[in-house]
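Notes to accompany the following structure.
Counting convention: from 1, in listed order, for ligands and their atoms alike. Here the structure is a predicted model, which is why all the values come from computation and not from measurement. The figures here come from the full heavy-atom set of this structure, side chains too, leaving out hydrogens, waters and symmetry mates.
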Amino acid sequence: MKFSYVNTTVIHFGVGQISALATNVPSDANVLVVYGGGSIKKNGVYEQVVAALSDHRWMEFSGIEANPTKETLDKAIAIAKSECIDFIVAVGGGSVIDGAKYIAAAALHDGDSWDLVTGKYTVETAIPLGAILTLPATGSESNMGAVVTKRSTNEKLGFMSPAVRPAFAVLDPSAMKTLPERQLINGLVDAWVHVCEQYITYPTGNMVQDGYAEVLLKNLLVLGRQFEQQDDAWRENLMWTANQSLNGLIGAGMPQDWATHMIGHELTALWHVDHARSLAIVQPSLLRAQIEAKRAKLEQMGRNVFGLADSPSLAEHTIVAIESFYQGLNVDLVLSEVPGDKSDAIEQIIAKLKQNGYLEMGENKGITLDVTRTILANAL
Ligand code: NZQ
Ligand code: ZN
C-alpha cells in the first residue's frame, strides 16, 4: 500500500444544515450563487440559501443545465471576472457543482475555458467554492473532479484539481424529496458504478478500501431493493453513501478502471443519455470483455456483496447479479436512443475516444479501441 490521502471538504450533513452557509461563506466575500433550471425554487432550498446569505453581498447565475455546457458556463465566467467574484456557492446536483468548479477555475485563466479540459491549461488555482447538494450521485460535492460538455462539438471532457475541491458541502437529505424517481435511480446507479470502477479491478489485499467499498455496494443494493419504501433514513443513507462512493477514500492507492465512465460520457455527449444510464448500458458488456483480468474481484464481489455461492462461474453470476440490480430499478441495459443498426454509432464513439486519446483504458490498459468496439457491439 502506498498513497497520500486527504479530503479537505467540511461536510455539514442533515436537515436544516443549509443555514451553515451563513458562517461558512466568508462575511466579506463577493459571492456568486449558481444553480440549474429552477428545481431549487420548488423545494424551499433557494429560500434557505437566500435567508442564510442575508448578511452577505451576493448575486446569482441560473440555467446551468444537466450535463453542463461550456457555452452556458462561459457566460458565468464572464460575470465572475467582471464582478470580481471571490466565492462561489453551487446549489444543485453534480452538473451545477461541476459547472461551478469550471467557472471557479476558468475565471482565473486568461485564455479559453476549454483549455481546462484539453490539458492546455493546468488548474492550480480557483475561486473558492462551497456546495449545497440536492441530488446524491456524483460525489462532486467533496471531490476534485468536474465534467463539462462542449455543445458545438459534442465533446464531454473532465479535469481534476485539488483547487476546485469545495471548501464545504451541505448535504441536507430533505432537499431530495422533490427529486423525480428517474433522478433518484440515476443517483443510485451512478454511485454504484463509482464504487465498481474503484473495486472491480484486481486483488490488492487492501482490506480497508475493499471492505469499505463492499459496505457501500451493499448499502446501494439494499436501498435499491427498498426503493418503494423511501423514508428519511433511506434518503440519509443514500446521500451519505453516494458521497462516500467518490470522495477519494476507497480509491486511495487502488488500481482503478473508469473505462465505463469514459465510454459512457460519449453516449451522453452524442445522444444525451443520462449519465448513470450510459453506465448501465456499457458496464456489463465491459465486465464480460474483461472477465479474466477481473475474475478474482468479481468473485469477491459475488461472495461479499451479493452473497452468491462459490462456483467456477461465480464471476459470470456476479455480472448477471449486477444486471439484475439495474433491471430491478427499471434501468435499460441497451441504448434505445439509437434504433436499428448500431454500427455507425459504434464508429462515432470510437472516433471520439481516439480523438480524446483514450486508446488504452482500464486498470491494465487492456481496453484498446478494438476491445471497446467489441464492448460496444455487445452493449448497444
Ligand atoms: O437543473 P435543476 O432544475 O436543478 O434540475 C436538476 C436536473 O434537471 C434535477 N434536480 C436536481 N436536484 C433536484 C432536481 N429536481 C428536483 N429536486 C431536486 N432536489 O435533476 C436533474 C439532473 O441533475 P444533474 O446535476 O445533471 O444530475 P447528477 O447529479 O447526476 O450530475 C450528472 C453530471 O455529473 C457528471 C456527469 O457526467 C453529469 O454531467 N459527473 C461528475 C462527476 C464528478 N464531478 O466527480 C463524476 C460522475 O461520474 C459524473 O461524470
Ligand atoms: Zn458517474
Side-chain angles (χ1 to χ4, degrees), residues 9 18 34-46 48-49 61-70 72-73 90-102 117 129 131-151 155-161 164-166 169-198 235 238-239 242-243 245-248 251 256-269 272-280 282-283:
T9 304
I18 294 174
V34 299
Y35 58 96
S39 69
I40 63 164
K41 295 207 166 157
K42 295 185 191 131
N43 55 13
V45 168
Y46 181 78
Q48 291 177 69
V49 169
F61 179 86
S62 64
I64 298 180
E65 57 279 80
N67 305 308
T69 64
K70 168 198 188 315
T72 298
L73 298 172
V91 191
S95 293
V96 170
I97 301 171
D98 282 9
K101 291 174 175 178
Y102 188 82
V117 299
L129 70 150
I132 312 286
L133 183 68
T134 63
L135 194 176
T138 63
S140 184
E141 67 277 9
S142 69
N143 71 33
M144 53 183 183
V147 192
V148 175
T149 299
K150 191 175 187 177
R151 199 187 288 132
E155 285 172 280
K156 182 165 176 152
L157 294 171
F159 74 97
M160 289 177 83
S161 167
V164 296
R165 195 193 292 275
V170 174
L171 278 63
D172 178 342
S174 66
M176 295 164 60
K177 285 184 180 170
T178 48
L179 272 170
E181 183 175 299
R182 182 179 183 88
Q183 296 300 344
L184 267 177
I185 291 172
N186 286 354
L188 263 169
V189 170
D190 193 23
W192 172 271
V193 180
H194 292 161
V195 183
C196 293
E197 298 273 29
Q198 301 165 85
R235 280 184 284 275
L238 177 56
M239 201 168 224
N243 172 270
S245 299
L246 195 49
N247 74 343
Q256 302 189 25
D257 185 337
W258 295 107
T260 296
H261 266 73
M262 293 310 131
I263 302 170
H265 284 170
E266 303 303 345
L267 300 189
T268 305
H272 312 290
V273 181
D274 288 1
H275 171 63
R277 286 161 202 267
S278 75
L279 307 176
V282 174
Q283 190 206 29

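Here the shortest heavy-atom distance to atom 4 (O) of ligand 1, taken over Gly36, Ser39, Gly63, Gly158, belongs to Ser39. Closest to atom 13 (C) of ligand 1 by heavy atom, among Leu179, Val189, Asn247, is Leu179. Among Thr69, Leu135, Thr134, the residue whose heavy atom sits closest to atom 20 (O) of ligand 1 is Leu135. Compare Thr260, Thr178, Asp274 by their heavy atoms: the one nearest to atom 16 (C) of ligand 1 is in Thr178.
Under a 4.0 Å criterion applied to the non-hydrogen atoms of Ala66, ligand 1 contributes the atoms 26 (O). Close approach of ligand 1 to Pro180 (heavy-atom distance below 4.0 Å) involves ligand atoms 15 (N), 16 (C).
Using 4.0 Å as the threshold, Asn67 has a heavy atom nearer than that to some atom of ligand 1. In this structure, Gly92 does not count as a contact residue of ligand 1, since none of its heavy atoms falls inside 4.0 Å of the ligand. For the ligand labelled ligand 1, residue Ile40 lies outside the 4.0 Å heavy-atom shell. Ligand 1 is approached by His194 to a heavy-atom distance shorter than 4.0 Å.
A heavy-atom distance below 4.5 Å is not found between the side chains of Val49 and Ile40. Contact of the Lys101 side chain with the Met144 side chain is not registered, since no non-hydrogen atoms from C-beta on lie closer than 4.5 Å.
The distance criterion of under 3.5 Å between nitrogen or oxygen atoms is not met by Leu246 with respect to ligand 1. For Ala137, no nitrogen or oxygen atom sits less than 3.5 Å from a nitrogen or oxygen atom of ligand 1, counting backbone and side chain alike. Taking distance alone, with nitrogen or oxygen atoms compared against 3.5 Å, Gly145 approaches ligand 1 more closely than that limit.
Shortest distance from the Zn ion (ligand 2) to His194 is reached at NE2 (N/O/S atoms only). As for Asp190, its N/O/S atom nearest the Zn ion (ligand 2) is the one called OD1.
From the protein, the heavy atom lying nearest to atom 49 (C) of ligand 1 is His275 NE2, 3.3 Å. Looking from atom 32 (C) of ligand 1 to the surrounding protein, the closest heavy atom is Ser95 OG, 3.7 Å. When hydrogens are left out, the protein atom nearest atom 29 (O) of ligand 1 is Gly94 N, 2.7 Å; that is the closest non-hydrogen contact. The single protein non-hydrogen atom nearest to atom 44 (N) of ligand 1 is Asp98 OD1, 2.7 Å, given as residue, atom name and distance. Of the protein's heavy atoms, Gly37 N, 2.7 Å lies nearest to atom 1 (O) of ligand 1. Scanning the protein for heavy atoms near atom 45 (O) of ligand 1, the closest one is Asn143 ND2, 2.9 Å.
Side-chain contact annotation: Asn67 with His272, donor-acceptor N/O pair under 3.5 Å absent. Between the side chains of Lys70 and Tyr102, not a single donor N or O lies within less than 3.5 Å of an accepting N or O. No hydrogens or angles considered: a donor-acceptor pair under 3.5 Å links the side chains of Ser140 and Asp98.
Proximity of Glu65 to ligand 1, defined as any heavy-atom pair under 4.0 Å, is not found for any part of the residue. Residue Ala276 does not touch ligand 1, judged by heavy-atom distances below 4.0 Å. At a 4.0 Å heavy-atom cut-off, ligand 1 touches Thr138 through backbone and side chain alike. When heavy-atom distances to ligand 1 are checked against a 4.0 Å cut-off, Ala175 comes that close only through its backbone atoms N, CA, C and O. Residue-level proximity to ligand 1 for Lys156 is carried by the side chain, the only part with a heavy atom below 4.0 angstrom. The residue Ile97 has no part lying near ligand 1, judged by heavy-atom distances below 4.0 Å. Only the side chain of Asn43 comes within 4.0 Å of ligand 1, counting heavy atoms alone; its backbone N, CA, C and O stay farther away. The side chain of His265, and not its backbone, has at least one atom closer than 4.0 Å to an atom of ligand 1 (non-hydrogen atoms only; side chain from C-beta on).
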